[in-house]
Amino acid sequence: MNAPRTFAIKSFGCQMNVYDGERMAELLGAEGMTPAAAGADADVVVLNTCHIREKAAEKAYSEVGRLRREDGSRPVIALAGCVAQAEGAEAKRRSKAIDLVVGPQAYHRLPQLLREVEAGGRPVDTDLPPLDKFAALPRRRRAGVSAFLSVQEGCDKFCTYCVVPYTRGAEVSRPLADLLDEAQQLVDGGTRELTLLGQNVNAWADGRETLATLIRRLAALPGLERVRYTTSHPINMADDLIAAHAEVPQLMPYLHLPVQAGSDRILKAMNRHHTASDYLAVIAKVRAANPAIALSGDFIVGFPGETDEDFDATLNLVREIGYAAAFSFKYSARPGTPAATMDGQVPEAIKDERLQRLQALLAEQSRAFNHSKVGATTRILIDRVGRKPGQMIGKSPWLQSVFVETDAGIGDMVDVRMTEALPNSLGGVLCTA
Ligand code: SAH
Ligand code: SF4
Ligand code: F3S
């Protein structure tokens with residue numbers, strides 16, 4: 001067999017997987033491989049999987065099945081990401097087509113594992129050596145005007161429904177110096193906006209440095225216009241981070257702060273370590289620091305034992321906050337997590353009905369948020385070409401896509417007056433000085 005020359009990486013799940021996928025692409029690129037052209041066959045396919053909700057493993061295996069070519073041959077298939085971590089060697093038993101299994105903390109060894117495949121092996125590497133991979137990865141190249149930077153990985157919170165502490169390991173923070181270095185590489189490559197990633201990003205720490213100090217240091221890099229961070233846990237929403245929202249102009253007025261549910265009984269059963277009023281108090285402080293902040297959250301409906309009253313408490317909390325955006329999910333029992341065996345599992349039909357009601361309310365709120373910006377003038381960071389001639393698309397500080405006619409290019413920042421709210425975006429016109 002000839003050494004594989006082209007690759008394709010398919011990432012599922014959260015932004016951390018998107019980041020990992022980019023780093024794997026850079027790694028394979030440094031080995032002399034090239035990304036397969038769109039639609040073309042790749043010699044190696046990396047499935048960078050997510051394990052968060054139902055049938056995640058089944059979906060990954062059916063994805064593997066779809067990689068068989070018409071002539072019966074198939075590419076070298078690497079199972080990566082959180083399903084790989086959770087399944088380990090079991091993956092090779094369940095699918096003969098999988099050539100190698102590599103977990104989210106071990107993917108820096110991908111080139112070595114591919115050589116083992118060439119030599120006839122079927123390696124599995126699901127070690128969880130915290131942070132080893134970062135030192136072993138190549139330097140960053142161009143990563144787009146808006147780029148992700150993983151600053152913290154893993155989770156020690158053990159919410160009773162969640163697999164992440166098992167697939168990503170314990171909470172670890174990358175050192176400040178490494179992050180400033182990677183950020184500088186990205187800025188040198190044209191990045192104007194950085195989104196700091198972590199399963200609990202606001203738990204990031206390096207000695208006495210906190211996420212707030214990291215943000216301040218990054219904001220001081222010449223050429224870096226914007227900083228964002230996601231995802232935060234309410235119990236790590238420290239006062240210095242809240243103060244940064246008042247004091248650091250580069251820190252965008254947007255906060256994704258999952259609450260999951262509005263009922264204290266359910267929050268306790270979820271092991272969230274906070275009540276609904278703790279959450280409301282954090283939000284009040286954040287809004288006092290920066291009244292323009294847009295809020296986003298994650299919600300789970302139909303957690304075991306959730307009654308109509310509990311669900312109403314979620315709706316009430318949503319009404320009280322007013323979200324600009326949100327993600328909501330039906331509770332999905334994950335094998336091995338404590339909630340999977342709790343009494344009071346909620347029937348699917350009730351989950352469906354609750355999800356619909358919650359999503360209708362959240363959609364209404366995000367529509368209202370977009371409408372509230374019509375007539376306002378703001379700065380957008382252009383990140384895409386629009387469909388119509390002369391049209392470009394940029395992001396507002398509140399993460400809305402804004403369409404505008406301009407000769408400015410990708411990476412430019414322009415002032416626009418927003419003139420109309422569309423279902424998932426805004427239309428605007430250029431402000432002339
Ligand atoms: N703190 C994490 C959350 C990861 S999972 C982060 O940094 O992103 C993203 C969201 O998926 C969670 O906030 C939760 O709302 C949802 N989720 C996690 N496990 C789930 C499950 N078993 N069923 C349904 N939704 C779940
Ligand atoms: Fe999962 Fe909870 Fe950790 Fe988020 S904080 S990753 S929901 S265990
Ligand atoms: Fe999914 Fe793993 Fe992210 S389970 S949500 S890809 S941390």
Side-chain angles (χ1 to χ4, degrees), residues 10-21 47-57 59-60 79-87 103-105 107 126 128 148 150-172 195-204 211 228-237 255-262 266-267 269-274 279 296-304 306 314 323 326-342 345-346 348 351 354-355 358-359 362:
K10 266 187 101 168
S11 291
F12 304 85
C14 65
Q15 291 157 320
M16 184 83 75
N17 260 12
V18 175
Y19 174 88
D20 290 342
L47 295 176
N48 190 21
T49 57
C50 171
H51 202 233
I52 201 81
R53 273 170 294 272
E54 209 177 353
K55 303 205 172 80
K59 277 180 210 151
L79 186 72
C82 291
V83 172
Q85 189 66 37
E87 294 274 290
Q105 305 297 6
Y107 63 75
T126 50
L128 288 170
F148 292 134
S150 268
V151 306
Q152 180 279 335
E153 285 197 276
C155 182
D156 297 338
K157 303 289 193 290
F158 290 93
C159 299
T160 52
Y161 49 81
C162 183
V163 294
V164 171
Y166 312 98
T167 63
R168 290 274 168 173
E171 272 178 24
V172 282
T195 300
L196 313 182
L197 299 181
Q199 267 89 29
N200 282 289
V201 71
N202 57 348
W204 182 87
L211 186 66
R228 304 178 182 276
Y229 61 96
T230 196
T231 297
S232 298
H233 194 292
I235 65 170
N236 295 120
M237 207 62 218
L255 175 64
H256 180 64
L257 195 64
V259 62
Q260 315 297 355
I266 295 298
L267 288 169
M270 287 177 161
N271 193 33
R272 287 288 296 177
H273 305 285
H274 61 79
Y279 181 83
S296 141
D298 289 346
F299 298 89
I300 296 177
V301 301
F303 185 82
E306 187 185 73
T314 298
Y323 286 93
F327 300 95
S328 47
F329 314 98
K330 287 190 280 182
Y331 167 72
S332 170
R334 310 304 290 127
T337 60
T341 50
M342 282 180 187
Q345 299 287 325
V346 174
E348 210 51 32
K351 286 188 205 169
R354 286 181 187 164
L355 186 67
L358 176 60
Q359 290 189 335
L362 290 167

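All values derive from a computational prediction rather than experimental measurement. Indexing begins at 1, ligand by ligand and atom by atom, following the structure's order.
Among the atoms of Thr231, some N or O lies under 3.5 angstrom from an N or O of ligand 1. Checked against a 3.5 angstrom limit, the closest N/O atoms of Gln260 and ligand 1 fall inside it. An N or O contact shorter than 3.5 Å links Gln199 to ligand 1 by distance.
In this structure, Lys157 falls outside the shell of residues with a heavy atom less than 4.0 angstrom from ligand 1.
Counting only distance, with no hydrogens or angles, the side chain of Tyr166 and the backbone of Thr337 share no donor-acceptor pair below 3.5 Å. In terms of modelled atom types and a separation under 3.5 Å, the side chain of Asn271 and the main chain of Thr160 share no donor-acceptor contact. With hydrogens and angles disregarded, no donor-acceptor distance shorter than 3.5 Å links the side chain of Thr231 to the backbone of Gln199. The backbone N or O of Asn17 lies less than 3.5 Å from a partner atom in the side chain of Asn48, making a donor-acceptor pair. Of the possible polar contacts, none joining the Asn200 side chain to the Cys155 backbone as a donor-acceptor pair under 3.5 Å is found. Under a 3.5 Å cut-off, the side chain of Ser332 and the backbone N or O of Arg53 do not form any donor-acceptor pair. Side-chain atoms of Gln152 never come within 3.5 Å of backbone atoms of Trp204 as a donor-acceptor pair (strictly under, hydrogens ignored).
In terms of protein heavy-atom proximity, atom 5 (S) of ligand 1 is closest to Ile52 CD1, 3.4 Å. For atom 25 (N) of ligand 1, the closest non-hydrogen atom of the protein is Arg53 NH1, 3.5 Å. At the shortest separation from atom 23 (N) of ligand 1 among protein heavy atoms lies Ser332 N, 3.0 Å. Of all protein heavy atoms, the one lying nearest to atom 20 (C) of ligand 1 is Tyr161 CD1, 3.7 Å.
Below 4.0 Å from some heavy atom of Gly198 lie the following atoms of ligand 1, by number and element: 7 (O). Proximity to Asp298 (heavy-atom distance under 4.0 Å) selects the following atoms of ligand 1: 9 (C), 10 (C), 12 (C), 13 (O), 15 (O). For ligand 2 and His233, the ligand atoms under 4.0 Å from any heavy atom of the residue are 5 (S). Ligand-side atoms of ligand 1 in range of Lys330: 23 (N), 24 (C), range being under 4.0 angstrom from any heavy atom.
The six-membered or imidazole ring of Phe299 lies near that of Tyr323, with a centre-to-centre distance under 6.0 Å.
In this structure, Lys330 pairs ionically with Glu348, as a charged nitrogen and a carboxylate oxygen lie closer than 4.0 Å.
Side-chain contact check for Val346 versus Tyr331: every heavy-atom pair is 4.5 Å or farther apart. The shortest distance between side-chain heavy atoms of His256 and Asp298 falls below 4.5 Å. Counting heavy atoms from C-beta on, the side chains of Asn236 and Lys157 come closer than 4.5 Å. Here the side chains of Val259 and Arg272 are not in contact, with every heavy-atom distance at 4.5 Å or above. At a threshold of 4.5 Å between non-hydrogen side-chain atoms, the residues Thr230 and Thr195 count as touching. Proximity of Arg334 to His51: side-chain heavy atoms (C-beta onward) are separated by under 4.5 Å at one or more points. Contact annotation: the side chain of Cys50 never approaches that of Lys59 to less than 4.5 Å [non-hydrogen atoms, C-beta and beyond].
Distance screen at 4.0 Å: atom 6 (S) of ligand 2 has a protein heavy-atom neighbour inside the cut-off.
Within the protein, the number of N/O/S atoms found under 2.8 Å from atom 1 (Fe) of ligand 2 is 1.
Closer than 2.8 Å to atom 3 (Fe) of ligand 3 sit the protein N, O or S atoms Cys14 SG.
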